[in-house]
Structure formats: C-alpha cells, structure tokens
Amino acid sequence: MADAYRSLGRGYSAVRQPDPRIARQVHAALGATATVLNVGAGAGSYEPDGRNVLAVEPSATMLRQRPPGSAPAGCAVAGHLPCVDDRLDAALAVLTVRHWRGPAAGAACPGGRWCSRGTSR
C-alpha cells in the first residue's frame with residue numbers, strides 16, 4: 001500500500017493537536033476495557049491512558065511522529081491486522097474510517113461493538 005501521508009503527514013503531530021472533547025468520548029466509550037487495538041493510530045493523539053494499547057498505522061511517516069513512551073506500534077492496515085482473535089478487549093479507530101476500503105473493514109468482532117462518530121466531507 002502506498003504511503004498517502006509520505007508528504008501530507010510531514011509535521012502532522014505539530015499541527016494536529018488532540019481535541020479534549022474527542023479524548024473524553026474515547027475514554028467513555030472504552031469504559032473499563034484493559035486492552036485496546038488502536039487502528040490507524042497516526043501520531044497517537046487519542047491513545048487512551050491506563051490501558052495496554054497496541055497501535056497499528058499504515059504510514060511510516062506517521063509512525064515516526066509518535067512521541068517517546070507511546071504504545072508499541074506496527075505498520076498495518078485495518079483489513080490485515082496483526083492480532084489473534086479474543087486477545088484484545090476493544091478496537092479503536094479515530095478519524096480513520098474514510099481511509100478504509102469498506103466502512104467496517106477489519107472492524108467486526110464477535111461480541112464487540114462498533115461505535116462511529118464523524119462528519120461528512
């Protein structure tokens with residue numbers, strides 16, 4: 001997969017600052033979950049504190065902008081996740097779905113829930 005953020009993502013972490021309103025919604029939606037897969041993690045703006053997080057991001061440019069101490073991160077896309085079933089409590093995708101090939105690609109999980117909030121372009 002081509003890195004769409006190779007040029008677009010340069011300096012992204014300096015420009016895209018976390019919105020506290022979104023962060024509160026993320027924490028509320030995750031509830032008491034202990035382990036979280038952050039799909040399309042980018043620079044890590046909305047990774048929840050106090051949980052075990054595995055981050056995946058298809059752009060090496062974005063991965064390089066993750067701050068020291070961030071959750072472990074790997075290069076992957078939503079349709080091909082490096083996870084074993086039933087090993088994570090929740091999956092998180094913030095501001096990423098418009099990049100997916102299908103609206104729920106890689107997001108279906110038995111017994112899980114799909115929460116979505118966004119704006120139209």
**Request:** With side-chain contact (heavy atoms from CB on, under 4.5 Å) as the test, would you mind laying out the steps for Val26 and Leu92 before giving the verdict?
**Result:** CA-CA 8 Å; Val26 166; Leu92 167 69; 3.9 Å; yes
**Prompt:** Can you find a pair of side-chain heavy atoms, one from Asp19 and one from Tyr46, that are under 4.5 Å apart?
**Reply:** yes
**Request:** For residues Ala41 and Glu47, report the shortest heavy-atom separation together with the two atoms involved.
**Result:** CB-OE2, 3.8 Å
**Closest approach of Pro48 to Val53 (non-hydrogen atoms, all atoms of both residues)** = O-CG2, 3.8 Å
**Request:** Step by step, work out the side-chain contact (heavy atoms from CB on, under 4.5 Å) result for Cys75 and Leu63.
**Result:** CA-CA 8 Å; Cys75 195; Leu63 285 170; 4.0 Å; yes
**Message:** Show, in sequence, the C-alpha distance, side-chain angles and deciding distance for Leu37 and Val56, and conclude whether the side-chain contact (heavy atoms from CB on, under 4.5 Å) test is met.
**Reply:** CA-CA 8 Å; Leu37 174 66; Val56 293; 4.2 Å; yes
**Item:** Flag, side chain of Gln65 to backbone of Ala43, donor-acceptor distance under 3.5 Å
**Value:** no
**Asked** Any donor-acceptor pair under 3.5 Å linking the side chain of Arg66 with the backbone of Ala73?
**Response** no
**Asked** For the atom pair NE2 (His27) and OG1 (Thr33), what is the distance rounded to the nearest 0.5 Å?
**Response** 10.0 Å
**Prompt:** Excluding sequence neighbours, so at least two apart, what forms side chain to side chain contact (heavy atoms under 4.5 Å, CB included) with Thr35?
**Reply:** Asn52, Leu88, Asp89
